[in-house]
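Remarks on the structure that follows.
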Amino acid sequence: MTMAKLAKLDDIVSLCKRRGFIYQSSEIYGGLASCYDYGPLGAELKRNVRHAWWKAVVQMRDDVVGLDCSILMHPMAWKASGHADKFADLVTVCKKCNTRTRVDHLQEKNDGGPAQEHTEHIDIETEAGKPHDLGRKVCPACGAVGQFGPPMAFKLMFETQMGANVNDQMTLYLRPETAQGIFANFRNVLDSTRVKVPFGIGQIGKSFRNEVTTKAFIFRTREFEQAELEFFCKPGTDEDWYNHWKEQRFNWYLNLGIKKENLRFREHEKDELAHYAKACVDVEYKFPFGQGDWQELEGIANRTDYDLRQHQRGMRTMNDWFENKGDLMKISLRQEDLDYAKGPLSFFDEEAKERYIPYVIEPSAGIDRSTLAFLVDAYDEEEVNGETRNLLRFHPHLAPVKAAVFPLVKKDGMPEIATKLYNDLKGCFATFYDEKSAVGRRYRRQDEAGTPYCLTIDGQTKEDNTVTVRERDSMVQTRVNIDQVKTYLRDKLDL
RNA sequence: GCGGGUGUAGCUCAGUGGUAGAGCGUCACGUUGCCAACGUGAAUGUCGUGGGUUCGAAUCUCAUCACCCGCUCCA
């Protein structure tokens with residue numbers, strides 16, 4: 001059972017390389033852990049996934065606008081969001097059972113009380129060098145007391161330096177999520193686009209996290225692409241909007257062909273929620289790897305008014321930042337103004353004549369994870385005349401190539417007609433032309449790339465001006481007038 | 001980070017100290033008139049990388065890198 005599933009992921013990985021969907025990064029140098037590149041077909045597929053998200057979440061919505069933020073942001077953005085403090089941990093290893101535990105999660109022997117080592121709001125590197133008394137701490141895994149190695153520092157944010165002059169550089173972070181760029185531009189969008197709450201801001205872009213462990217092909221990588229929507233709504237209406245987006249996002253995957261039995265919701269338990277979140281649900285896909293199988297594709301969270309309020313605090317803390325020469329560890333966010341609801345990141349509701357900080361519903365999807373899920377879900381093998389047919393049953397919107405044009409044979413004027421049709425179609429869809437080898441082989445090659453339609457010019461074409469349209473999933477062939485092919489495909493592909 | 005496994009042609013893999021191989025795929029030519037046809041020919045290798053042992057290493061050994069599985073960790 002498990003073996004079959006593993007074999008299936010291996011098949012996908014091998015197909016991905018063989019057909020140019022996904023390669024390992026820097027392969028000629030032995031690879032770089034957790035990094036992957038998208039080849040010619042993969043780049044098209046991923047682009048189509050992005051486009052499908054943007055169309056559903058931004059283009060088709062009257063209440064959502066788009067945004068494209070820089071990856072580098074002012075360091076205070078990460079102080080306000082909490083990442084600068086919370087994305088650094090001290091971790092220690094139990095020498096007895098080799099289990100790793102966060103130092104601030106360890107409990108003293110016998111007292112059962114809360115952890116006494118606090119590792120938040122500290123300079124993680126300085127702290128790791130200091131002596132820590134773990135002599136009375138209990139390993140939560142095996143119960144051994146005081147058997148810990150020296151604490152190791154983990155920093156989950158990538159750091160980089162801005163400024164070519166090495167004596168005048170500032171440490172910046174590569175964003176660990178795209179969301180904060182949206183919150184930081186909330187005021188700009190309000191002031192420049194005439195949007196009114198309820199409304200959303202959507203964005204697609206790269207994020208970076210130094211995950212402790214990477215996982216399963218492109219599922220968990222340190223550089224990854226997110227598609228995030230921050231939907232701002234009036235407090236009190238947030239639960240309705242939360243349910244609205246849950247439904248919208250779940251159906252998005254189903255509408256793009258993910259099989260129902262492979263998709264589910266998983267609501268987070270109360271004690272699993274981040275302290276600012278009122279509710280959170282994961283959309284999970286049943287991947288063919290690992291033991292858990294069900295893995296998160298997207299998280300939909302009710303983040304309340306936490307983020308905008310935090311950034312208001314961040315704005316009030318700028319003097320401290322200057323006075324401490326930009327050392328984030330030396331400063332704490334200032335308290336909120338008592339009148340925070342009327343602060344710079346508040347919204348004035350004309351109808352109700354009141355000012356408030358909107359609540360936020362955040363659907364946050366992983367583009368790479370979704371792309372992998374679409375690949376895995378589309379993969380199929382079937383028996384045809386005793387031979388195995390490998391194919392990818394992509395939804396037409398996701399298929400990297402929409403149509404392939406073939407002359408049945410390379411003579412009798414067929415290539416000329418086929419080339420003309422190809423040149424006509426490629427302006428509208430991603431189209432592929434092939435005149436090499438037997439036509440059956442060409443069909444099968446396109447099956448493996450997931451191309452939904454193949455068009456073959458044959459002897460009859462010159463007689464009655466029709467071509468064979470061969471359908472990927474059923475292999476059924478129909479004849480269509482060559483002048484009608486573009487309209488026919490547009491209709492079938494829903495483009 | 002710990003434990004287990006793997007790494008040889010684009011892919012799947014054989015090769016256990018003595019000339020680097022097969023199938024599939026790719027390319028060319030011929031044939032071929034609708035589902036991975038056939039014939040002939042061709043190209044393709046830092047044997048993951050680096051050191052060591054040896055007359056000689058894909059093979060033994062050490063280190064390292066990458067991937068998979070299980071722990072662990074994880075807004």
Side-chain angles (χ1 to χ4, degrees), chain A residues 2-3 5-7 9-11 13-20 23-36 39 81-83 86-87 89 91-95 97-102 105 139-141 149 152 154 156-157 176-177 179-180 207 209-217 220 226 268 272-277 280 282 289-292 296 299 301 303 307 362 364 384-391 406-412 414 436-448 454-461 467-472 475-477 479:
Chain A
T2 306
M3 286 309 288
K5 283 175 185 170
L6 295 180
L9 181 67
D10 284 345
D11 290 345
V13 173
S14 133
L15 175 118
C16 279
K17 180 169 189 195
R18 184 156 39 88
R19 294 309 306 260
Y23 314 121
Q24 183 164 28
S25 166
S26 312
E27 201 188 66
I28 61 168
Y29 294 110
L32 180 64
S34 150
C35 295
Y36 292 89
S81 73
H83 289 90
K86 304 261 171 55
F87 259 45
D89 298 319
V91 173
T92 186
V93 180
C94 172
K95 289 174 189 162
C97 67
N98 243 320
T99 299
R100 290 203 304 198
T101 313
R102 278 171 60 162
H105 285 179
C139 173
M152 302 173 287
F154 281 81
L156 277 352
M157 279 201 291
E177 61 177 29
Q180 298 306 324
S207 293
R209 292 183 194 172
N210 267 318
E211 301 287 351
V212 176
T213 312
T214 56
K215 191 171 181 179
F217 201 35
R220 181 182 292 148
Q226 293 184 296
H268 286 214
E272 191 185 352
L273 292 174
H275 63 283
Y276 50 80
C280 187
D282 287 342
F289 55 72
Q291 201 167 46
E296 174 188 354
R303 295 179 71 111
D307 300 279
E362 178 195 76
S364 173
V384 177
N385 299 329
E387 300 272 355
T388 304
R389 184 169 81 113
N390 292 330
L391 71 160
F406 309 143
L408 184 59
V409 287
K410 212 164 83 177
K411 61 182 182 187
D412 299 338
M414 292 180 203
K436 305 277 175 62
S437 77
V439 74
R441 179 184 295 268
R442 284 177 271 167
Y443 286 149
R444 296 301 177 87
R445 274 199 282 237
Q446 292 305 311
D447 287 340
E448 215 176 34
C454 293
L455 313 165
T456 302
I457 280 69
D458 53 25
Q460 198 181 329
T461 305
V467 302
T468 299
V469 178
R470 183 265 195 184
E471 212 248 318
R472 177 196 64 203
M475 298 193 289
V476 165
Q477 304 188 351
R479 295 204 74 87

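Below, all heavy atoms of this structure are taken into account, side chains as well, without hydrogens, waters or symmetry copies. Protein chains get the first letters and strands the later ones, always in sequence-line order, with residue 1 at the start of each.
The C1' atoms of B:G33 and B:A20 are separated by 42 Å, rounded to the nearest whole Å. Between the C1' atoms of B:G25 and B:A36, the separation comes to 11 Å (whole Å). To the nearest whole angstrom, the two C1' atoms, one in B:A58 and one in B:U6, are 15 Å apart.
With sequence neighbours excluded, the residues satisfying side chain to side chain donor-acceptor pair (under 3.5 Å) with A:Ser364 are A:Glu228. Listed by chain and number, the residues in a side chain to side chain donor-acceptor pair (under 3.5 Å) with A:Arg303 are A:Asp307, A:Glu362 (sequence neighbours excluded). Applying the side chain to side chain donor-acceptor pair (under 3.5 Å) criterion to A:Glu471, with sequence neighbours excluded, gives A:Ser474. A:Ser34 meets the side-chain contact (heavy atoms from CB on, under 4.5 Å) test with A:Thr214, A:Thr221, A:Arg222; sequence neighbours excluded. Every residue meeting the side-chain contact (heavy atoms from CB on, under 4.5 Å) condition with A:Val409, not counting sequence neighbours, appears here in chain and number order: A:Lys411, A:Met414. When the side chain to side chain donor-acceptor pair (under 3.5 Å) test is applied to A:Ser14, no partner is found at least two apart in sequence or on another chain. With sequence neighbours excluded, the residues that form a ring pair (Phe, Tyr, Trp, His ring centres under 6.0 Å) with A:Tyr276 are A:Tyr306.
Between A:Glu387 and A:Arg444 no salt bridge is recorded (no basic side-chain N to carboxylate O distance below 4.0 Å).
Ring geometry for A:Phe217 versus A:Tyr36: interplanar angle over 60°, hence perpendicular rather than tilted (30 to 60°).
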Is there any protein nitrogen or oxygen under 3.5 Å from a nitrogen or oxygen in nucleotides 41-50 of chain B, and what are the pairs?
residue : atom : partner : partner atom : Å
B:U46   : O4   : A:Ile28 : O            : 2.9

Mind listing the N/O atom pairs, protein and nucleotides 31-36 of chain B, below 3.5 Å?
residue : atom : partner  : partner atom : Å
B:G33   : O6   : A:Asp412 : OD2          : 2.5
B:G33   : N2   : A:Gly459 : N            : 2.4
B:C34   : O2   : A:Tyr443 : OH           : 2.7
B:C34   : O2   : A:Gln477 : OE1          : 3.4
B:C34   : O2   : A:Gln477 : NE2          : 2.9
B:C34   : N3   : A:Thr468 : OG1          : 3.4
B:C34   : N4   : A:Asp458 : OD2          : 2.0
B:C34   : N4   : A:Thr468 : OG1          : 3.0
B:C35   : O2'  : A:Arg444 : NH2          : 2.7
B:C35   : O2   : A:Arg444 : NE           : 3.2
B:C35   : O2   : A:Arg470 : NH2          : 3.1
B:C35   : N3   : A:Arg470 : NE           : 2.9
B:C35   : N3   : A:Arg470 : NH2          : 3.0
B:C35   : N4   : A:Arg470 : NE           : 3.0
B:C35   : N4   : A:Met475 : O            : 2.7
B:C35   : N4   : A:Gln477 : NE2          : 3.3
B:A36   : N7   : A:Thr388 : O            : 3.4

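Here B:G50 sits opposite B:C62 as a Watson-Crick or G-U wobble pair (both hydrogen-bonding atom distances under 3.5 Å). Across all strands shown, nothing is found opposite B:U16 as a Watson-Crick or G-U wobble partner with both distances under 3.5 Å. Base pairing of B:C67 is made with B:G5, judged by Watson-Crick or G-U wobble geometry with both donor-acceptor distances under 3.5 Å. As the counterpart of B:G30, B:C38 is assigned, both hydrogen-bonding distances of the Watson-Crick or G-U wobble pattern falling under 3.5 Å. Nucleotide B:G56 forms no Watson-Crick or G-U wobble pair with any nucleotide shown, as no partner meets the under 3.5 Å limit on both distances. For B:A75, there is no paired nucleotide, since no Watson-Crick or G-U wobble pair has both relevant distances below 3.5 Å. Base-pair partner of B:A43: not found among the strands shown (Watson-Crick or G-U wobble, both distances under 3.5 Å).
Each of B:G1, B:A75, B:A28 was ranked by its minimum atom distance to the side chain of A:Thr213; first place goes to B:G1. For A:Arg209, whose side chain is taken as the heavy atoms from C-beta onward, the closest listed nucleotide among B:C68, B:A75, B:C11 is B:A75.
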